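Lettering follows sequence order; numbering is per chain, from 1. Predicted model, so just to flag it, every value in this text is computed and none were measured.
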Amino acid sequence: MMGGARAWREGLTTLWLVGPATLAMTVLIFVPVALVAMLSFTDYQFGARTFNWIGLQNFADMVSSPLGRRAIVNTLIYAAVVIPFSIILALLVALGLHRLARRAGWLSNTLRAVYFLPVAATLVAMAIAWQMLLHPTIGPVNTALVALGLPRQDWLSDRGLVLYTLAAIGIWQSVGYNMVLFLAGLSAIPASLYEAATVDGAERPWERFWTVTWPMLGPTTLFVTVITATTAFRVFETVATLTKGGPAFASDTLVYALYREGFVYFKAGYASAITVVFFIFVLLFTALKFRVLESRVHYR
Amino acid sequence: MELRNVRRSFGGTEVLRGISLDVPDGSFTSLLGPSGCGKSTTLRIMAGLDRPDSGQVLMNGEEVSDRSATARNIAMVFQSYALYPHLTVAQNMALPLTMRELSRWQRLPLVGGLHGGTRQTRRAIQARVAAMAAMLDLTDLLGRKPGQLSGGQQQRVAVGRALIREPSVFLLDEPLSNLDAKLRTQMRAELSALHTRTGRSFVYVTHDQTEAISMSDQVALMLEGRIAQIGPPRTLYETPQSRAVAAFIGDHPINLVPVSLAPGQASGAFARCRPIGLTTPRTVVIGLRPEHLYLDPAGPLEGRLVGAEYLGAETVLTLKVAEDVEIRAVAPGDVTPPAPDSPLRLGFAPEHVHVFDADGGERLDLSLERAAA
């Protein structure tokens with residue numbers, strides 16, 4: 001039975017290759033996720049010896065309490081601002097740098113590094129710089145506004161403004177990363193397509209963009225969107241360092257609320273419920289990617 | 001379309017060293033040459049995708065160097081086909097028409113429909129796409145995306161997209177090089193038929209002499225940035241103007257043998273021959289195509305057989321006719337080659353002898369004939 005022995009050996013090899021990763025995934029990801037999902041139906045508190053099953057009470061609390069709703073709505077607003085602006089800005093910057101690379105390569109490379117800097121830098125450290133910039137009285141941003149004859153703004157302590165200030169910082173941070181992805185996508189577009197477009201009568205930059213660039217960037221744009229969205233939903237560092245969710249929870253977000261409930265108030269059950277909601281957001285987005293958009297952008 | 005003394009350099013390397021070329025209306029002109037000879041650059045300059053450093057590009061007698069590809073109304077088929085992957089076959093073929101015949105506003109989705117003529121124009125475009133698809137046998141594929149098509153089908157879509165707006169000149173850049181051998185032969189015939197049917201000027205870039213010779217009215221053989229010879233395929237084959245042209249054209253590489261000639265007397269391997277038309281002694285290179293040499297017991301070329309390569313329809317014999325001189329001859333496939341090392345004699349007709357200058361390589365008006373015994 002040579003064949004049987006051989007199949008057995010191949011099976012063993014497969015197990016060797018797949019086994020460790022599967023085990024690690026199970027122990028480190030699937031089990032904790034299942035535990036969190038389970039905890040979200042309890043009133044467990046860290047350190048407590050017992051807990052009670054309370055069904056969907058945590059979720060109901062979250063949706064019914066103004067604080068929980070606030071965190072959800074804030075996160076959605078933040079994402080709705082950051083996702084489009086970050087993508088459009090990154091695309092514009094990438095298009096500019098891509099064109100510039102042909103005429104002045106060194107300048108393009110330098111600017112590319114500059115745009116990428118916020119990605120490489122620690123956001124917590126950068127937050128200190130932002131705090132300085134946005135300081136109500138001595139910050140350069142307000143100084144500039146006053147010089148232009150505009151009223152100064154309380155960027156981080158105005159309830160109506162703080163979320164958008166954080167969103168602006170989020171955009172600033174993610175544009176560089178998205179730009180690098182777009183640049184890679186742009187350089188992969190075959191030159192002959194642009195030439196064909198020219199021959200076919202698409203001469204103006206705008207026509208060339210719609211005929212070739214935008215459709216050819218489809219897969220890149222989808223990937224960038226998903227990455228930006230998950231990062232936006234996860235916003236935490238800027239909130240924790242600059243506002244702590246304030247003033248009056250005006251900049252409270254899902255992940256910051258999760259941190260507060262879980263690690264400050266030790267309400268593990270409630271924090272788990274927030275995690276599950278957060279997880280569902282990301283899952284929905286990813287499902288959207290795979291189900292709806294993937295087949296449309298690869299043109300098969 | 002006409003090029004006059006066109007030059008083009010890329011970073012100090014002169015790629016085109018003065019190209020002058022006339023493409024008569026309705027002709028099928030091939031630019032033939034090895035890779036790097038500048039044939040694609042020439043085509044791109046004709047298309048308006050590149051500009052000459054100096055020289056003129058004329059269409060119907062007008063200088064068009066500064067006009068874009070769109071303004072020249074040329075069409076081009078790219079080596080990679082360059083189809084738009086996000087558009088269907090029908091949309092790919094319609095694009096040149098929508099770009100030309102609809103205004104910017106009419107092309108916009110929804111808003112475009114508000115303009116009165118949009119719907120009619122779109123319908124007319126669809127009709128023309130359908131007619132073109134029928135001509136190219138693409139009707140069943142109109143709804144597919146390029147990614148779902150085979151190489152030959154993509155090729156046909158590219159041709160359809162180029163032909164649909166009735167261009168003044170039709171440029172093809174190595175359109176068959178990505179196809180397999182059988183499909184290539186078939187597409188060759190289809191392109192020739194298409195040329196006859198449309199009556200447009202075709203300019204065809206290729207490195208494959210079979211394609212150039214089988215399809216063209218005129219072939220421009222390009223070597224190192226210059227046109228080495230231009231003329232009908234038969235002229236290039238029968239009277240190559242230089243040694244380099246003779247060496248490039250022909251399925252079997254031509255035999256080139258350096259020989260010293262004196263009036264009435266040739267030397268070396270050709271000792272039994274007599275030059276025709278020679279007045280003063282000179283050193284030349286004799287060119288003889290393998291297919292023009294035949295086995296002849298009384299032939300003037302004598303040698304020993306060193307190799308025989310059987311190819312089915314023919315057998316290529318390699319003879320050693322002198323120290324360091326080997327000559328290849330093509331015999332019909334049914335000839336049984338003699339044993340290796342056996343002596344053989346070859347004959348040839350004087351009109352098949354090409355004589356080139358030993359230094360410059362230009363063609364000399366000389367020939368060889370068998371000396372009287």
Side-chain angles (χ1 to χ4, degrees), chain A residues 87-88 91 94-95 98-99 101-106 108 181-182 184-225 289-300, chain B residues 40 43-44 46-50 67-89 91-104 107-109 144-149 157-158 160-165 167 169-174 178:
Chain A
I87 292 172
I88 291 167
L91 181 59
L95 286 170
H98 190 68
R99 286 196 79 125
R102 260 174 288 167
R103 281 180 217 153
W106 59 273
S108 173
L181 293 174
F182 275 126
L186 282 173
S187 62
I189 300 176
S192 64
L193 269 184
Y194 285 110
E195 292 179 347
T198 312
V199 170
D200 289 340
E203 277 189 295
R204 297 188 198 90
W206 190 240
E207 293 168 343
R208 289 158 67 84
F209 178 79
W210 281 120
T211 314
V212 180
T213 313
W214 179 246
M216 293 305 285
L217 281 180
T220 312
T221 312
L222 177 60
F223 183 69
V224 167
T225 310
K289 173 196 174 191
F290 280 112
R291 282 290 154 83
V292 186
L293 297 168
E294 191 95 295
S295 61
R296 286 211 201 151
V297 296
H298 284 110
Y299 315 125
R300 284 190 202 105
Chain B
S40 284
L43 195 76
R44 291 169 55 81
M46 286 178 149
L49 295 171
D50 197 359
R67 284 194 212 159
S68 70
T70 315
R72 292 184 198 190
N73 191 24
I74 53 102
M76 189 154 167
V77 175
F78 295 84
Q79 185 172 359
S80 59
Y81 314 139
L83 299 175
Y84 309 109
H86 59 293
L87 300 179
T88 63
V89 168
Q91 289 167 329
N92 260 287
M93 295 209 293
L95 191 97
L97 293 179
T98 48
M99 278 293 164
R100 192 176 60 182
E101 291 175 14
L102 292 176
S103 70
R104 250 183 288 182
R107 283 201 299 270
L108 288 177
R144 301 240 193 121
K145 298 256 170 84
Q148 302 166 315
L149 303 180
V157 177
R161 183 180 65 179
L163 273 177
I164 196 153
R165 65 207 160 99
V169 185
F170 191 62
L171 307 172
L172 300 104
D173 188 4
E174 307 240 7
N178 289 347

(request) Give the member of B:A162, B:A75, B:A71, B:A69 that has the highest number of heavy-atom pairs under 4.5 Å with chain A. (result) B:A69

(message) Is there a side-chain hydrogen bond (donor to acceptor under 3.5 Å, both in side chains) between A:R102 and A:S108? Walk through the geometry before answering.
(response) CA-CA 9 Å; A:R102 260 174 288 167; A:S108 173; over 6 Å; no

(request) Would you check, one step at a time, whether the test side-chain hydrogen bond (donor to acceptor under 3.5 Å, both in side chains) holds for A:T213 with A:Y194? (result) CA-CA 8 Å; A:T213 313; A:Y194 285 110; 2.8 Å; yes

(request) Please check if any side-chain donor atom of B:R100 sits under 3.5 Å from a side-chain acceptor atom of B:T70, or the reverse. (result) no

(request) Measure B:R72 against the heavy atoms of chain A and call it side chain, backbone, both or neither at under 4.5 Å. (result) neither

(request) Starting at CZ of B:R165, measure out to CG of B:N73 and round the result to the nearest 0.5 Å. (result) 5.5 Å

(request) Please state whether the side chain, the backbone, both or neither of B:L171 comes within less than 4.5 Å of a heavy atom of chain A. (result) neither

(request) Let me know if B:R144 has heavy atoms under 4.5 Å from chain A in its side chain, its backbone, both or neither. (result) neither

(message) What part of B:Y84 gets within 4.5 angstrom of chain A, counting heavy atoms only: side chain, backbone, both, or neither?
(response) both

(request) Indicate yes or no: at least one non-hydrogen side-chain atom of A:L193 is less than 4.5 angstrom from one of A:M216. (result) yes

(message) Does any backbone or side-chain atom of B:L49 lie under 4.5 Å from a heavy atom of chain A? Answer side chain, backbone, both or neither.
(response) side chain

(message) Which atoms of B:S80 are under 4.5 Å from chain A, going by heavy atoms: the side chain, the backbone, both sets, or neither?
(response) side chain

(message) Name the residue from A:L222, A:L181, A:L186 that meets the side-chain contact (heavy atoms from CB on, under 4.5 Å) definition with A:L217.
(response) A:L186

